[in-house]
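The structure appears below as structure tokens.
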Amino acid sequence: MTAPPPTRILLADDHALVRRGVRLILDGEPDLTVVAEAGDGAEAVAKARAEPVDLAVLDIAMPRMTGLQAARELSRIRPDLRILILTMYDNEQYFFEALKAGASGYVLKSVADRDLVEACRAAVRDEPFIYPGAVTTLIRSYLERARQGEPLPARAITEREEEILKLVAEGHTSQEIADLLFISIKTVERHRANLLQKLGLRDRLELTRYAIRAGLIEP
């Protein structure tokens, strides 16, 4: 019987060295093959539009567009595409955000050599994957919230505000942000003011620190 063709993977990470290491892991498996690479979330979305891929493996913290932002966009334009989030952050909030963004798994870079292949295969089978160490913590946290009648973690800011915050933290001017997002400077300034008010912050420096803590940019 002929073996099915390997799963075609799009790999997105802004560090070429990380991509090389992850690619070695994945290409070493007969049922997996990396067919496209991207250096940021926006490039990943463009590649997924243009090339036939079955699975996207996205780093969380990337320039221009984060892995979570890319996952949301990909879920909209390619609902058939399976998505995995690859991250350094052992963080419950990111995990829930990843699920809400349409990802079926969350893999820590520190144990990618152990977990990533299994996570890819689970995603192809349309099964969720979370790294083993997180299961107990997440279930305990979820049950505690349910017991106390609390909702799951809410988003502090909207998707558009998140886009603006990321670009501000990366050092873009209001004019550059307006050009990138095809909106007016006045709209950019209004979003910036809303962000400062919502988050209780004072200036660009504090916005940048918040963006780092939120995993939108790397320190």
Side-chain angles (χ1 to χ4, degrees), residues 10 12-15 38-49 56-79 81 83-109 138 150-219:
L10 163 64
D13 194 295
D14 56 321
H15 294 102
D40 60 56
E43 190 185 353
V45 171
K47 288 273 177 83
R49 282 179 184 274
V57 178
L58 310 171
D59 180 32
I60 269 195
M62 293 188 289
R64 292 207 292 165
M65 183 187 275
T66 69
L68 291 177
Q69 290 170 330
R72 289 185 205 115
E73 181 65 15
L74 289 172
S75 294
R76 280 194 282 261
I77 65 170
R78 286 281 313 271
L81 184 68
I83 300 169
L84 283 177
I85 295 294
L86 188 61
T87 177
M88 293 187 302
Y89 308 104
D90 187 354
N91 181 300
E92 172 199 350
Q93 178 72 43
Y94 293 151
F95 171 73
F96 284 119
E97 287 292 343
L99 293 186
K100 285 196 285 185
S104 60
Y106 187 90
V107 180
L108 287 181
K109 286 184 179 180
L138 288 167
E150 295 178 21
L152 291 177
R155 286 177 61 80
I157 57 179
T158 66
E159 285 183 29
R160 176 59 97 186
E161 286 169 343
E162 188 179 86
E163 283 181 306
I164 304 274
L165 170 60
K166 178 173 172 55
L167 292 168
V168 167
E170 287 177 346
H172 293 283
T173 65
S174 293
Q175 181 65 65
E176 287 169 342
I177 295 170
D179 292 343
L180 282 165
L181 299 180
F182 304 104
I183 56 179
S184 70
I185 291 184
K186 196 175 286 185
T187 302
V188 174
E189 296 296 349
R190 190 175 73 246
H191 279 305
R192 276 180 68 155
N194 287 344
L195 279 165
L196 292 169
Q197 185 180 11
K198 264 189 184 183
L199 301 173
L201 305 175
R202 290 172 300 185
D203 52 29
R204 178 195 284 267
L205 182 61
E206 291 192 351
L207 282 173
T208 302
R209 287 182 185 140
Y210 180 91
I212 290 169
R213 287 201 306 276
L216 293 173
I217 63 171
E218 291 187 333

Q. Measuring from Asp40:CG to Asp13:CG, what's the distance to the nearest 0.5 Å?
A. 10.5 Å

**Q.** Atom CZ of Arg204 with >12 non-hydrogen neighbours under 6.0 angstrom
**A.** yes

Q) Below 4.0 angstrom, N of the basic side chain to O of the carboxylate: do Arg76 and Glu159 qualify? A) yes

Q. How many angstroms lie between CG in Asp14 and CZ in Arg64, if you round to the nearest 0.5 Å?
A. 11.5 Å

Q: Find the distance between OG (Ser104) and CG (Leu84) and round it off to the nearest 0.5 Å.
A: 5.0 Å

Q. Would you call Thr158 and Asn194 a side-chain contact if the rule is heavy atoms closer than 4.5 Å?
A. no

Q. Hey, is Glu43 close enough to Lys47 for a salt bridge, meaning N to O under 4.0 Å?
A. yes

**Q.** Beyond-backbone contact of Thr187 with Arg190, side-chain heavy atoms, under 4.5 angstrom
**A.** yes

Q: Using a strict cut-off of less than 4.0 Å between a Lys/Arg side-chain nitrogen and an Asp/Glu carboxylate oxygen, indicate whether Glu163 and Arg160 qualify as a salt bridge.
A: yes

Q. Heavy-atom distance under 4.5 Å between the side chains of Arg202 and Leu196, does that happen here?
A. no

Q | Spatial distance of atom CD (Gln69) from atom CD (Glu97) [nearest 0.5 Å] | A | 11.0 Å

Q. Given the rule in the side-chain contact (heavy atoms from CB on, under 4.5 Å) test, do Val168 and Val188 qualify, once you have shown the distances and angles that lead to the verdict?
A. CA-CA 10 Å; Val168 167; Val188 174; 5.7 Å; no

Q | Any donor-acceptor N/O pair, Lys100 side chain to Arg72 backbone, under 3.5 Å | A | no

Q. Hey, mind stepping through Leu58 and Leu74 against side-chain contact (heavy atoms from CB on, under 4.5 Å) and telling me if it holds?
A. CA-CA 11 Å; Leu58 310 171; Leu74 289 172; 4.1 Å; yes

Q. Where do Leu81 and Ala56 come nearest, in terms of heavy atoms and distance?
A. CD2-CB, 4.0 Å

(Q) Is there a salt bridge (charged side-chain N to carboxylate O under 4.0 Å, His left out) between Glu170 and Lys166? Walk through the geometry before answering. (A) CA-CA 6 Å; Glu170 287 177 346; Lys166 178 173 172 55; 2.9 Å; yes

(Q) Contact between Thr87 and Leu108 at the side-chain level, heavy atoms closer than 4.5 Å - yes or no? (A) yes

Q. Going from CD1 on Ile183 to CD1 on Ile177, what distance comes out if it is rounded to the nearest 0.5 angstrom?
A. 8.0 Å

Q: Grab the two heavy atoms, one from Ala98 and one from Ile85, that are nearest each other, plus how far apart they are.
A: CB-CG1, 3.8 Å

Q.
Please check this pair: side chain of Ser75 against backbone of Ala101, looking for a donor-acceptor N/O pair closer than 3.5 Å.
A. yes

Q. Roughly how far, to the nearest 0.5 Å, is CD of Glu176 from CG of Leu181?
A. 11.5 Å

